[in-house]
Each structure stands twice: as C-alpha cells, then as structure tokens.
Asker: 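Have a look at this one before I ask anything.
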Amino acid sequence: MISNIAAQIKHITQELPSGSRLVAVSKYHPDESIMEAYDAGQRLFGENHVQEMVGKYERLPKDIEWHFLGHLQTNKIKYIVPFVSLIHAIDSYKLLTEIDKHAAKAGRTINCLLQLHIAREETKFGFSFEECREMLRVGDWRSLHHIHLSGVMGMATNTDDSVQVASEFRSLKSFFDELKTDYFDTDPHFKEMSMGMTHDYQIALDCGSTLVRIGTKIFGERDYSQKI
Ligand SMILES: *Cc1c(COP(=O)(O)O)cnc(C)c1O
C-alpha cells in the first residue's frame with residue numbers, strides 16, 4: 001500500500017511549476033517518516049532546530065539536502081555548517097558575518113536567504129524592507145566570501161484571508177525583483193523566493209515562490225511532546 005506521506009509528496013511535486021521545489025518540513029517527525037518521503041523520491045528536507053537536524057543528518061542517507069528554516073542562534077552555527085545546504089532565515093547582518101566565519105573555517109560557502117517581515121503580526125522575525133535595503137546599501141556584505149546571498153524568505157500573516165496573504169507574497173516578490181535589479185543582476189546565486197507553507201503554498205506559487213516549505217500536509221500534525 002502506498003503510504004499517505006508518499007502520496008502527498010507525489011501530489012505536491014506534480015503540481016509544482018518548473019523552477020519551484022518542495023522543502024519537506026520534517027521537524028518533530030521521526031526518521032521513519034522522513035524515510036517514507038525519501039523512498040517516494042524526496043531529497044530536500046527542512047528543519048528548524050539545530051540538534052534535531054544534526055541528529056537526522058548523522059542517521060539518515062547522505063544524499064539528503066538539508067535546509068535550516070528557523071531562527072538560528074550564533075552559538076549553534078558551527079554544528080550545521082559542515083552539511084547545511086541553505087539557511088532560510090537570515091535576520092541580521094551579525095548572523096551573516098558569523099556564518100561566514102564558520103563557513104571559512106569549514107572550507108565551505110553557504111547559501112543564505114534574507115528573511116523579510118511581510119506579515120501583519122508583530123512577533124515574526126525578519127528584516128523590514130528598509131532595514132534590508134540599508135544593509136545591502138552599506139555594502140560590507142560584499143566582503144563575506146563564504147556566504148552566497150541566494151534570495152529572500154518570508155511568512156505571510158496566518159489568516160484565511162487569501163487576498164491579504166497574496167498581497168504580502170506579492171510584496172515580497174516585488175522586493176526580490178528590486179534587489180535582483182539593484183544588487184544581484186549578474187549574480188546567478190540570487191534566485192530563490194522561499195514562501196508558502198501548508199495552508200498558503202498554492203497562493204505562494206501563484207506569486208512566484210521557488211521554494212515551498214510544507215510540513216503538516218505531508219507528515220500530519222506535529223507532536224510537540226516528542227523530543228527528537
Ligand atoms: C514549521 C515550518 C513550516 C511548515 O509549516 P506547515 O504549516 O506544517 O506546512 C514552514 N516554514 C517554517 C519556517 C516553519 O518553521
């Protein structure tokens with residue numbers, strides 16, 4: 001019997017436009033669930049706790065591509081630097097410099113996305129458009145040779161109002177276009193727009209998302225009592 005996880009992976013990947021990829025968000029889900037997705041062909045997974053991601057990296061097949069999605073504390077960067085393929089949520093210049101430092105030591109160059117605050121909610125992490133423009137304008141980031149700025153990431157307001165959600169995603173898309181034109185015109189690395197989760201990924205795809213981060217729809221509800 002084909003498992004529900006495999007069926008969801010197939011269903012979602014079939015509806016992705018070319019140029020967009022699925023990040024299967026496996027936080028709080030056990031290795032066996034990841035392996036069900038893996039056996040259905042999924043190779044890209046997202047986690048948002050350092051220890052959990054490191055453990056899964058060590059135990060699971062080495063051709064899995066790991067994306068780090070959550071807020072990253074500087075003292076934990078060193079644990080993921082050896083293997084992480086994309087860090088989605090850069091929300092300060094300081095974090096970028098710390099990643100660069102550790103990546104240099106590890107002999108790697110790490111892809112990073114700038115997280116923008118696009119939601120109405122106050123609590124979400126991320127740069128404002130103005131803060132982000134200012135950071136890029138100042139230009140110190142150009143001396144960081146062990147990171148690639150690979151695009152932007154954002155989370156829409158958690159609401160059923162799809163008009164609101166679409167307008168937030170569109171604002172991120174136009175901000176991406178602005179940065180691409182102003183700073184990354186000739187840089188092929190700057191190409192990703194990470195937006196869309198279980199409840200809003202279809203809207204995000206309509207607005208140009210290249211990376212949808214989907215957990216619940218694939219793996220079911222997370223069991224937060226379970227420490228992995
Ligand atoms: C958990 C998480 C997701 C996945 O959320 P679902 O609603 O389960 O699809 C996506 N993005 C980030 C940053 C997350 O932390």
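Scope of the values below: all heavy atoms of this structure, side chains included, with no hydrogens, waters or symmetry mates. Atoms within each ligand, like the ligands themselves, are counted from 1 in listed order. Along the sequence shown, residues are numbered consecutively beginning with 1. None of the values given here were measured: they were computed from a predicted structure.
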Asker: Is there a ring-ring contact (aromatic ring centres under 6.0 Å, His included) between H189 and F184 once you walk through the steps?
Answerer: CA-CA 8 Å; H189 294 290; F184 302 101; over 10 Å; no
Asker: Should we count OH of Y79 as having more than 12 external heavy atoms under 6.0 Å?
Answerer: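 It does not: Y79 OH has 12 such atoms or fewer within range.
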Asker: Are more than 12 heavy atoms from other residues, nucleotides or ligands located less than 6.0 Å from atom CG of N75?
Answerer: yes
Asker: Please work out, at 4.0 Å between heavy atoms, whether the side chain, the backbone, both, or neither of N48 comes within that distance of ligand 1.
Answerer: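 Side chain only.
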Asker: Counting each atom of ligand 1 from 1 as listed, which ones have a heavy atom of R213 under 4.0 Å away?
Answerer: 4 (C), 9 (O), 10 (C), 11 (N), 12 (C), 13 (C)
Asker: Looking only at N/O atoms, are K27 and ligand 1 under 3.5 Å apart anywhere?
Answerer: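 By distance alone, the answer is yes.
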Asker: Check step by step if side-chain hydrogen bond (donor to acceptor under 3.5 Å, both in side chains) holds for T216 and E221.
Answerer: CA-CA 5 Å; T216 310; E221 295 296 328; 5.1 Å; no
Asker: Would you please determine whether H88 falls within less than 4.0 Å of ligand 1 on a heavy-atom basis?
Answerer: no
Asker: Heavy-atom pairs closer than 4.0 Å: do any link ligand 1 to the side chain of R222, the backbone, both, or neither?
Answerer: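 It is the side chain that touches ligand 1; the backbone stays farther off.
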Asker: At what distance is the nearest protein heavy atom to atom 5 (O) of ligand 1, and which residue and atom is it?
Answerer: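 Sorting protein heavy atoms by distance from atom 5 (O) of ligand 1 puts M197 CE, 3.4 Å first.
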Asker: Any side-chain donor paired with an acceptor under 3.5 Å for E134 and Y93?
Answerer: no
Asker: Can you report which non-hydrogen protein atom sits closest to atom 6 (P) of ligand 1, along with the distance?
Answerer: T198 OG1, 3.4 Å
Asker: What atoms of ligand 1 come closer than 4.0 angstrom to any heavy atom of I214?
Answerer: 9 (O)
Asker: Looking only at N/O atoms, are G215 and ligand 1 under 3.5 Å apart anywhere?
Answerer: yes
Asker: Can you name the nearest heavy-atom pair linking Q164 to T157, along with the distance?
Answerer: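 Nearest heavy atoms, Q164 then T157: NE2-OG1, 4.2 Å.
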Asker: Between T74 and E98, is a side-chain hydrogen bond (donor to acceptor under 3.5 Å, both in side chains) present by the stated rule, with each step listed?
Answerer: CA-CA 7 Å; T74 51; E98 292 291 323; 5.4 Å; no
Asker: T216 heavy atoms, cut-off 4.0 Å: which ligand 1 atoms fall inside?
Answerer: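 Answer, ordered by atom number: 6 (P), 7 (O), 8 (O), 9 (O).
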